[in-house]
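So that the names make sense, note that chain A is the first sequence line, chain B the second, and so on, each numbered from 1. Just so you know, these numbers come straight off a predicted model, no measurement behind them.
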Amino acid sequence: MTTSHWLVKSEPNTYSYGDLERDGKTIWDGVRNNAAALHLKAMREGDEVFFYHSQEGLAVVGIAKVVRTAFPDKTDPAGRFVAVELAPVRALTRPVTLADMKAEPALADMAMLRQSRLSVSPVAADQWKVILKMAGG
DNA sequence: GCCAACGTTGGC
DNA sequence: GCCAACGTTGGC
């Protein structure tokens with residue numbers, strides 16, 4: 001079993017990386033997209049997750065980790081979607097902006113760049129390393 | 001605020 | 001089962 005990497009988006013006005021650090025952990029629910037839900041289901045405990053600020057900031061600002069694998073999303077009345085639980089790992093020394101990622105050829109195939117509306121997406125191992133490096137290591 | 005992308009809904 | 005209309009997301 002190998003560790004996978006992911007990226008989740010959140011509007012910082014609604015829930016920021018700082019909020020996650022303050023809370024210690026949070027239930028990542030409210031995802032109402034089948035492709036995103038499939039990714040949530042594929043997450044394993046200990047997987048690392050880039051935390052991206054959409055709308056405001058437009059940058060990967062921190063790293064979180066999966067502390068609880070997929071379970072039914074209580075906020076979904078139809079009971080079709082799932083949630084996971086995330087905890088903070090660390091804020092990035094230097095946030096990596098969307099513009100930075102678009103300008104980096106090694107990230108051209110990133111799922112979140114190819115499909116901008118996807119709120120939960122996989123990050124390949126090499127893409128993960130590139131972004132970490134861009135963040136200052 | 002606008003608009004492109006894309007998922008969902010509903011009429012046929 | 002197709003496809004037009006509509007709603008939502010998210011970058012600009």
Restricting to salt bridge (charged side-chain N to carboxylate O under 4.0 Å, His left out), what partner residues turn up for A/D76, sequence neighbours left out?
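Result, salt bridge (charged side-chain N to carboxylate O under 4.0 Å, His left out) vs A/D76: none returned.
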By salt bridge (charged side-chain N to carboxylate O under 4.0 Å, His left out), which residues pair with A/D73, not counting sequence neighbours?
A/R32
In whole Å, what is the span from the [atom1] atom of [X] to the [atom2] atom of [N]?
X	N	atom1	atom2	value
A/L7	C/dT9	CG	C1'	15 Å
A/Y15	C/dG10	OH	P	17 Å
A/L118	C/dG11	CG	C1'	15 Å

Phosphate oxygens OP1/OP2 of C/dG11: is one of them under 4.0 Å from a side-chain N or O of A/Y52?
yes
With a 3.5 Å cut-off and sequence neighbours excluded, list the donor-acceptor pairs that the side chains of residues 117-137 of chain A form with protein atoms.
from   : atom 1 : to     : atom 2 : distance (Å)
A/Q127 : OE1    : A/A124 : N      : 2.9

Under a 4.0 Å heavy-atom cutoff, the residues of residues 53-61 of chain A touching DNA chain B are none
Let's see if you get this right: which residues in residues 96-105 of chain A place a heavy atom under 4.0 Å from DNA chain B?
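Residues of residues 96-105 of chain A that come under 4.0 Å of DNA chain B do not exist, since none gets that close.
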In which stems does DNA chain C show up, taking only runs of three or more Watson-Crick or G-U wobble pairs whose two distances fall under 3.5 Å?
B:1-12 with C:1-12
Please name all residues satisfying side-chain hydrogen bond (donor to acceptor under 3.5 Å, both in side chains) with A/D29, sequence neighbours left out, ordered by chain then number.
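None.
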Any chance you could list the contact pattern along nucleotides 1-6 of chain B? Use B for base contacts, S for sugar-phosphate-only contacts and - for none, protein heavy atoms under 4.0 Å, 5' to 3'.
----BB
Tell me who clusters with A/F71, hydrophobic residues only, linked when side chains sit under 4.5 Å apart either directly or through other members.
A/I27
Remaining members of hydrophobic cluster (4.5 Å side-chain criterion), A/F81
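In the cluster with A/F81 there is nothing else; it is isolated.
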Would you please name every residue forming a ring-ring contact (aromatic ring centres under 6.0 Å, His included) with A/F51, sequence neighbours left out?
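Partners of A/F51 by the ring-ring contact (aromatic ring centres under 6.0 Å, His included) criterion, ordered by chain and then number, come out as A/Y17, A/W28, A/H53.
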Going by atom type alone, with no hydrogens or angles, which donor-acceptor pairs under 3.5 Å involve a side-chain atom of residues 96-113 of chain A and a protein atom two or more places apart or on another chain?
from   : atom 1 : to     : atom 2 : distance (Å)
A/T97  : OG1    : A/D100 : N      : 3.0
A/T97  : OG1    : A/D100 : OD1    : 3.3
A/T97  : OG1    : A/D100 : OD2    : 3.1
A/D100 : OD2    : A/T97  : N      : 3.2
A/E104 : OE2    : A/A106 : N      : 3.0
A/D109 : OD1    : A/R114 : NH2    : 3.3

